[in-house]
Amino acid sequence: HLRPVQNLGDALENWQALAYTAEEFNEFWVRSMEYITELNRQGVDIIERGAYNILCKILVQKDPMYVEYMNPTGMGRSSLLYQFNGDVYNSDEGRMISEPLFRIGTVDQDAKEVLQGATNRTTWLASILELSCYNSAFKHWGGIHPVHIYQNQGTVIPNAPNYFIFKIYSMQCHYLFQKIAEDGFEKQMYLKWTERVIK
């Protein structure tokens with residue numbers, strides 16, 4: 001799974017040295033996809049997990065339940081993080097923020113109270129792509145991660161078109177749709193990849 005590094009956790013203190021643009025990451029990803037395609041041509045059965053997650057949504061209309069590509073976010077729905085002190089967060093990344101913004105409760109509370117609380121509901125509402133990225137052709141297959149939005153934009157209300165990860169996601173979708181439209185080896189390879197989610 002070729003994922004971009006995020007300015008969270010241990011990466012934060014060295015972010016200036018680690019940072020790169022969405023375009024630089026996409027260039028790396030496209031070269032990697034071409035290499036993976038060539039390996040598949042040679043009979044090596046290998047997939048790129050990020051592309052697989054997107055292709056499941058595009059080609060077979062199945063959600064691979066990858067939190068960052070869910071709309072609204074899968075935070076607090078398909079993922080929870082239990083901290084050693086009993087705090088509950090709606091994602092692993094949520095506990096990495098210095099403020100308790102993504103803390104949704106404690107293990108002592110009733111599950112319904114934690115999962116249906118205001119923090120979780122606010123996170124879901126803030127992540128609905130149709131509200132922040134209504135003119136993107138790729139919003140139907142994508143998602144945004146409110147923790148990353150907050151870390152990069154200082155608010156949970158996203159400016160999705162300027163969001164580093166959504167830029168990368170849009171470039172990946174453009175590449176994948178182009179290969180599907182060409183109706184060649186790549187399309188057949190992608191269909192073979194997505195057969196895994198159908199079974």
Side-chain angles (χ1 to χ4, degrees), residues 1-12 14-71 73-74 91-93 127 129-130 132-149 151-153 158-198:
H1 191 173
L2 304 174
R3 301 175 60 188
V5 174
Q6 296 285 347
N7 57 340
L8 290 167
D10 293 337
L12 190 55
N14 298 305
W15 189 243
Q16 282 192 315
L18 296 172
Y20 45 81
T21 67
E23 291 75 15
E24 287 171 325
F25 179 84
N26 187 62
E27 184 181 329
F28 155 76
W29 184 82
V30 167
R31 284 197 323 267
S32 301
M33 284 296 292
E34 290 171 356
Y35 178 64
I36 289 167
T37 300
E38 185 54 36
L39 289 175
N40 276 270
R41 284 185 198 276
Q42 297 171 20
V44 178
D45 184 22
I46 183 173
I47 70 169
E48 198 286 299
R49 182 62 187 260
Y52 167 81
N53 288 334
I54 298 169
L55 289 165
C56 286
K57 290 186 162 195
I58 295 171
L59 293 175
V60 293
Q61 292 82 51
K62 296 286 185 181
D63 195 330
M65 303 304 287
Y66 187 68
V67 171
E68 296 179 32
Y69 292 166
M70 294 173 76
N71 180 18
T73 181
S91 75
D92 182 37
E93 293 88 346
S127 69
L129 268 179
E130 285 78 6
S132 63
C133 203
Y134 49 84
N135 63 345
S136 169
F138 306 121
K139 66 178 179 287
H140 303 293
W141 302 282
I144 53 178
H145 200 298
V147 174
H148 300 158
I149 291 289
Q151 184 68 18
N152 289 281
Q153 298 179 355
N159 180 344
N162 292 321
Y163 170 41
F164 173 71
I165 300 298
F166 194 75
K167 283 183 180 179
I168 290 172
Y169 179 80
S170 296
M171 288 186 275
Q172 290 174 333
C173 280
H174 187 272
Y175 174 88
L176 294 170
F177 270 105
Q178 184 176 19
K179 294 300 182 184
I180 291 167
E182 289 171 3
D183 200 20
F185 177 83
E186 286 90 343
K187 180 180 177 183
Q188 297 309 311
M189 179 181 73
Y190 299 160
L191 287 167
K192 182 181 174 186
W193 288 4
T194 57
E195 284 175 3
R196 301 168 191 230
V197 81
I198 299 171

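Residues take their numbers from the sequence shown, with the count starting at 1.
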Could you pull out all residues at least two apart from Gln16 that satisfy side chain to side chain donor-acceptor pair (under 3.5 Å)?
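Side chain to side chain donor-acceptor pair (under 3.5 Å) check on Gln16 returns nothing, list empty.
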For Lys187, all residues meeting side chain to side chain donor-acceptor pair (under 3.5 Å), sequence neighbours excluded
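For Lys187 the side chain to side chain donor-acceptor pair (under 3.5 Å) partners, ignoring immediate neighbours, are Asp183.
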Measuring from atom [atom1] of [X] to atom [atom2] of [Y], what distance do you get when rounded to the nearest 0.5 angstrom?
{"X": "Thr37", "Y": "Phe185", "atom1": "OG1", "atom2": "CZ", "value": "7.0 Å"}
{"X": "Leu59", "Y": "Lys192", "atom1": "CG", "atom2": "NZ", "value": "15.0 Å"}
{"X": "Tyr163", "Y": "Ser170", "atom1": "OH", "atom2": "OG", "value": "11.5 Å"}
{"X": "Leu55", "Y": "Met189", "atom1": "CG", "atom2": "CE", "value": "8.5 Å"}
{"X": "Ile54", "Y": "Tyr66", "atom1": "CD1", "atom2": "OH", "value": "10.0 Å"}

Would you name the heavy atoms of [X] and [Y] that are closest together and state the gap between them?
{"X": "Ala51", "Y": "Met33", "answer": "CB-CE, 3.9 Å"}
{"X": "Thr73", "Y": "Ile144", "answer": "CB-O, 3.8 Å"}
{"X": "Tyr52", "Y": "Thr194", "answer": "CE1-CA, 4.4 Å"}
{"X": "Gly143", "Y": "Leu129", "answer": "N-CD1, 3.6 Å"}
{"X": "Trp193", "Y": "Ile36", "answer": "CZ2-CG2, 3.9 Å"}

Pair Asn26, Lys167 - check side chain to side chain contact (heavy atoms under 4.5 Å, CB included), show working.
CA-CA 9 Å; Asn26 187 62; Lys167 283 183 180 179; over 6 Å; no
Tell me which pairs pass side chain to side chain donor-acceptor pair (under 3.5 Å) where either residue lies in residues 39-50, with sequence neighbours left out.
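Counting only pairs at least two positions apart or across chains, the side chain to side chain donor-acceptor pair (under 3.5 Å) contacts touching residues 39-50 are Trp29-Glu48, Glu38-Gln42, Asp45-Arg196, Arg49-Asn53.
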Working note: Tyr175 + Glu34, criterion side chain to side chain contact (heavy atoms under 4.5 Å, CB included); need CA distance, chi angles, decisive distance, verdict.
CA-CA 11 Å; Tyr175 174 88; Glu34 290 171 356; 3.9 Å; yes
Verdict with supporting geometry, Glu68 and His148, side chain to side chain contact (heavy atoms under 4.5 Å, CB included)
CA-CA 10 Å; Glu68 296 179 32; His148 300 158; 3.8 Å; yes
Contact between [X] and [Y] at the side-chain level, heavy atoms closer than 4.5 Å - yes or no?
{"X": "His145", "Y": "Ile165", "value": "no"}
{"X": "Pro4", "Y": "Ile168", "value": "yes"}
{"X": "Leu176", "Y": "Lys179", "value": "no"}
{"X": "Gln153", "Y": "Phe164", "value": "no"}
{"X": "Gln6", "Y": "Gln151", "value": "no"}

Show your reasoning for whether ring-ring contact (aromatic ring centres under 6.0 Å, His included) applies to Tyr69 and Tyr169.
CA-CA 9 Å; Tyr69 292 166; Tyr169 179 80; 5.1 Å; yes
List the steps, then state whether side chain to side chain contact (heavy atoms under 4.5 Å, CB included) holds for Glu24 with Phe28.
CA-CA 6 Å; Glu24 287 171 325; Phe28 155 76; over 6 Å; no
Tyr35 atom OH: more than 12 heavy-atom contacts under 6.0 Å:
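No, because the 6.0 Å sphere around OH of Tyr35 holds 12 heavy atoms or fewer from other groups.
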Test item: Tyr20 side-chain N/O and Val5 main-chain N/O as donor-acceptor pair under 3.5 Å
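It does hold such a pair.
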